[in-house]
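First comes the structure, then the notes that go with it.
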Amino acid sequence: MQLRIPGPTPCPPSSLQAMGQQMMNHRGAEFAEMIRSITERLKLVFQTKGDVFLLTSSGTGGMEAAIVNTLSPGDKVLSVSNGFFSERFADIAIAYGAEVVTLGFEWGRPIDAGKVDRTLRDNPDIKAVLVTHNETSTGMTNDLQAISTTVKSFDKLLLVDAISSLGCIDLPIDDWHCDVVVTGSQKGWMVPPGLAMVSVSEEAWRAHAVAKMPRCYWDFALAKDCLQKGQTPWTPAVSCCYALDKTLDLMLDEGLESIFTRHSRVGRLTREGVKSSGLSLFSDENYASDTVTAVNVPDKVNASKLIRLLQDEYDVVIAGGQERLSGRILRIGHLGSVSEDDMRSVLEAISKALPRVR
Ligand SMILES: *Cc1c(COP(=O)(O)O)cnc(C)c1O
């Protein structure tokens with residue numbers, strides 16, 4: 001089967017086998033050794049010397065943690081938004097009482113850093129900026145480096161949803177001055193759903209010291225204290241930790257540069273294949289994501305029929321569009337454990353199935 005949705009992604013055998021191991025004492029020495037080793041290796045992939053924590057939740061829990069650990073109710077926050085997941089980030093901030101200013105761009109169109117600059121100039125009381133690195137809903141990678149340069153020229157906090165890019169697409173967290181960056185185990189990490197991973201900068205810690213949003217489960221200070229003892233504040237998803245312990249080895253053996261170039265090759269192959277089967281890309285191709293490709297559904301094609309046919313007769317699982325893009329696009333995930341051959345067989349299946357649903 002080709003499971004090619006943008007998460008959960010296929011888990012390699014060593015990841016799945018690790019999940020089947022017996023439980024261990026999460027307050028014992030063995031676990032302490034494992035979490036310390038996982039954290040050290042995560043820092044290499046995150047390209048940070050700052051703190052990195054494992055949270056037991058899906059990615060969204062990590063987004064919530066980014067908000068509640070750095071902000072207070074009433075804080076003005078800029079949401080730079082061009083897709084479904086950037087709206088989710090803003091919704092979480094609103095739920096906790098932040099005053100969210102939205103700088104919206106059309107879905108599938110790039111973020112204009114010049115407009116971010118103007119908005120920050122016009123709103124000097126903005127405290128933090130929320131941005132999605134890789135918009136999984138539209139198949140776009142935003143120019144985080146340009147956005148960060150602007151945000152940091154105003155000395156604002158930068159909170160980043162990199163759930164579907166970290167570990168696949170280059171994101172040097174320290175070099176780009178990202179304060180909190182969030183990812184999730186079921187995306188590029190080749191681990192089942194269950195862990196969010198977050199990095200926390202010095203500046204984020206300074207914000208944490210004065211942040212008044214209610215927090216308990218997500219409190220980074222508890223996570224830091226516990227990690228010093230080789231623990232997590234609450235019972236962690238132990239089985240996911242076993243799997244991550246294995247996949248981090250796979251990732252570091254392959255090497256970050258090789259991982260990034262593999263994703264870029266696979267991304268390009270997917271886009272070229274889509275276009276040569278007569279389909280068109282949804283998003284601005286200059287910002288095309290190397291982890292997920294969004295494809296316009298042609299007229300007279302029923303997207304859900306096509307998705308069902310691919311699954312039933314070709315053993316290929318892809319995703320549809322979310323919210324306003326439901327029925328309008330197909331989303332093909334190519335992150336984590338993925339090769340060019342995998343994508344060739346997915347593309348072949350799509351070109352065979354397409355005429356059958358017209
Ligand atoms: C998958 C994803 C999320 C949501 O993560 P969950 O693990 O489903 O909570 C958020 N943002 C982006 C960009 C994603 O790709």
Side-chain angles (χ1 to χ4, degrees), residues 3-11 46 53-68 79-95 105 107-108 110-111 129-144 147 158-171 173 178 180-199 217-218 236-237 240 243-244 247 263 267 282-283 287-294 317-326 329-336 338:
L3 177 63
R4 297 300 163 195
I5 59 175
T9 63
C11 295
F46 274 63
F53 302 123
L54 289 179
L55 309 173
T56 289
S57 73
S58 78
T60 305
M63 295 161 78
E64 187 159 320
I67 303 273
V68 300
S79 157
V80 183
S81 183
N82 62 347
F84 177 75
F85 287 106
S86 39
E87 291 185 1
R88 177 181 299 184
F89 214 177
D91 287 344
I92 297 169
I94 291 166
F105 298 88
W107 287 22
I111 288 166
V129 177
L130 311 180
V131 65
T132 310
H133 181 214
N134 189 73
E135 232 331 324
T136 319
S137 65
T138 61
M140 257 185 106
T141 304
N142 289 314
D143 186 353
L144 182 59
I147 297 164
L158 181 59
L159 310 182
V160 182
D161 170 355
I163 293 180
S164 62
S165 51
L166 208 61
C168 309
I169 298 171
D170 193 20
L171 199 192
I173 285 176
C178 301
V180 181
V181 180
V182 184
T183 183
S185 57
Q186 82 278 21
K187 305 277 171 124
W189 305 89
M190 303 174 282
V191 169
L195 290 175
M197 295 154 260
V198 295
S199 67
Y217 188 83
W218 303 123
C240 288
L244 184 59
T247 59
H263 281 87
F282 172 74
S283 289
Y287 295 84
S289 165
D290 287 329
T291 61
V292 54
T293 296
V317 185
I318 63 170
Q322 291 158 299
E323 207 221 50
R324 72 188 73 161
L325 294 178
S326 172
I329 61 168
L330 306 168
R331 291 179 308 140
I332 308 169
H334 34 83
L335 66 169
V338 62

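FYI, the numbering just counts along the sequence from 1. Every number for a ligand or one of its atoms is a count from 1 in the order of the listing.
Under 4.0 Å from any atom of ligand 1, one finds heavy atoms of residues S58, G59, T60, M63, F85, R88, T132, N134, T136, D161, I163, S164, Q186, K187.
Using a distance-only test at 3.5 Å, with no hydrogens or angles considered, a donor-acceptor pair links the side chain of T56 to the main chain of A237. The backbone N or O of G320 sits less than 3.5 Å from a side-chain atom of R331, completing a donor-acceptor pair.
S164 pairs with exactly one of T9, T132, N134, T141 by the side-chain hydrogen bond (donor to acceptor under 3.5 Å, both in side chains) rule, that one being N134. Each of S81, S86, S283 was checked for a side-chain hydrogen bond (donor to acceptor under 3.5 Å, both in side chains) with E135, and the lone residue meeting it is S86.
Closest non-hydrogen pair, A66 versus V180, comes out as CB-CG1, 3.6 Å.
In this model, a donor atom of one side chain and an acceptor atom of the other lie less than 3.5 Å apart for T183 and W189.
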